[in-house]
Amino acid sequence: MRLFFVPALAGLVLFGACSGAKSSATAAAKPVSPAADDRRPTTDSRQPKSGATTTTLGMKPGNRTVSWIDSDRLMPVLEEAQRLNKPVFVDFDADWCAPCKVMDEEVLALPEVYNFLNGNFLCLRVPYDSPTGKNIATLYEVKGLPTVLFLDPKGNELARETGMSTPTRLRRLGEEALGKR
């Protein structure tokens, strides 16, 4: 009985959407590791590569992952977006969110996804549990994870996805956001 319970619990944790509150089952779950193939980057997309050049806000160009802007606040990112006339992709993330990790490894790590995002948006990863993350989540009424937003340079929401997304769905949302500009 015990052997059946653990995999069943892990399945529920990995494929259910995370809520705003931590649970011990979710915190203990391990993300599914990506299948080894040449489409996946070999580095953790959450960590910036050392030695990479940075833009004004710390964006690392040339990564084989999403080029996350190094900022803990939204306002400087929106100011940079206005300067560059680019929309913003916002990914709310938490260490305890197993579906966030799966989406990071299975969707955001695909070249067709990160190339599309890097080419068309400034990308900001928001730590959901940080004080700033909680403020941004409240501002945009983010109730669960994973959640991604597409914003215009003034901070107006263009598109949103709550829950696991697919590469096709994420691209469609991004194109929808670009079309609204």
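The shortest non-hydrogen separation linking V66 to C123 is CG1-CB, 3.6 Å. Summarising the geometry of R160 relative to E141, their closest heavy-atom pair is NH1-O, 3.4 Å, with the distance given to 0.1 Å. In this structure, G133 and S130 approach most closely via the heavy-atom pair N-OG, 2.8 Å. Considering all non-hydrogen atoms of both residues, D129 and A94 come closest at OD2-CB, 4.1 Å. Looking at every heavy atom in both residues, E176 comes nearest to L158 through OE2-O, 4.0 Å.
Taking 4.5 Å as the limit, some side-chain heavy atom of L178 sits within range of a side-chain heavy atom of P87. Inter-residue side-chain proximity for V113 and L170 is flagged as met; some heavy-atom pair is nearer than 4.5 Å. The side-chain heavy atoms of V102 and M164, taken from C-beta on, include a pair separated by under 4.5 Å. No side-chain heavy atom of L151 sits under 4.5 Å from any side-chain heavy atom of F89. P76 has its side chain within reach of S71: a pair of non-hydrogen atoms, C-beta onward, lies under 4.5 Å apart. Residues R172 and T168 meet the side-chain proximity criterion, which asks for heavy atoms closer than 4.5 Å. Looking only at side-chain heavy atoms (C-beta outward), L108 and T65 stay at 4.5 Å or farther from each other.
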Test L74 against Y140 for side-chain contact (heavy atoms from CB on, under 4.5 Å), laying out the working first.
-> CA-CA 12 Å; L74 180 60; Y140 288 99; 3.7 Å; yes
Salt bridge (charged side-chain N to carboxylate O under 4.0 Å, His left out) assessment of E105 paired with K101 = CA-CA 6 Å; E105 294 172 357; K101 292 180 188 329; over 6 Å; no
So L84 and L122, side-chain contact (heavy atoms from CB on, under 4.5 Å) or not? Walk me through it.
-> CA-CA 9 Å; L84 298 172; L122 294 181; 3.9 Å; yes
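Judged by distance alone, with hydrogens and angles left aside, the side-chain atoms of N118 form a donor-acceptor pair with the main-chain N or O of Y114 at under 3.5 Å. Distance alone, capped at 3.5 Å, places no donor-acceptor pair between the K134 side chain and the Y128 backbone.
Taking the charged nitrogens against the carboxylate oxygens, R83 and E80 do have a contact shorter than 4.0 Å, which makes a salt bridge.
Note that the CG atom of L117 and the CZ atom of R171 stand 9.0 Å from one another [nearest 0.5 Å]. The distance from the NZ atom of K86 to the CZ atom of R181 is 10.0 Å, given to the nearest 0.5 Å. Here the OG1-CG distance, from T162 to L145, works out to 9.0 Å after rounding to the nearest 0.5 Å. Going from atom CD of E175 over to atom CZ of F150 covers 10.0 Å, rounded to the nearest 0.5 Å. Note that the CG atom of D91 and the CG atom of L124 stand 9.0 Å from one another [nearest 0.5 Å]. Residue N115 holds its CG atom at 10.5 Å from CG of L110, rounded to the nearest 0.5 Å.
Of the residues listed (D93, V148, I69, D70), the one engaging R125 in a side-chain contact (heavy atoms from CB on, under 4.5 Å) is D93, and it is the only one.
Ring geometry for F121 against F116 counts as perpendicular: the plane angle is over 60°, on a 0 to 90° scale with 30° as the lower cut.
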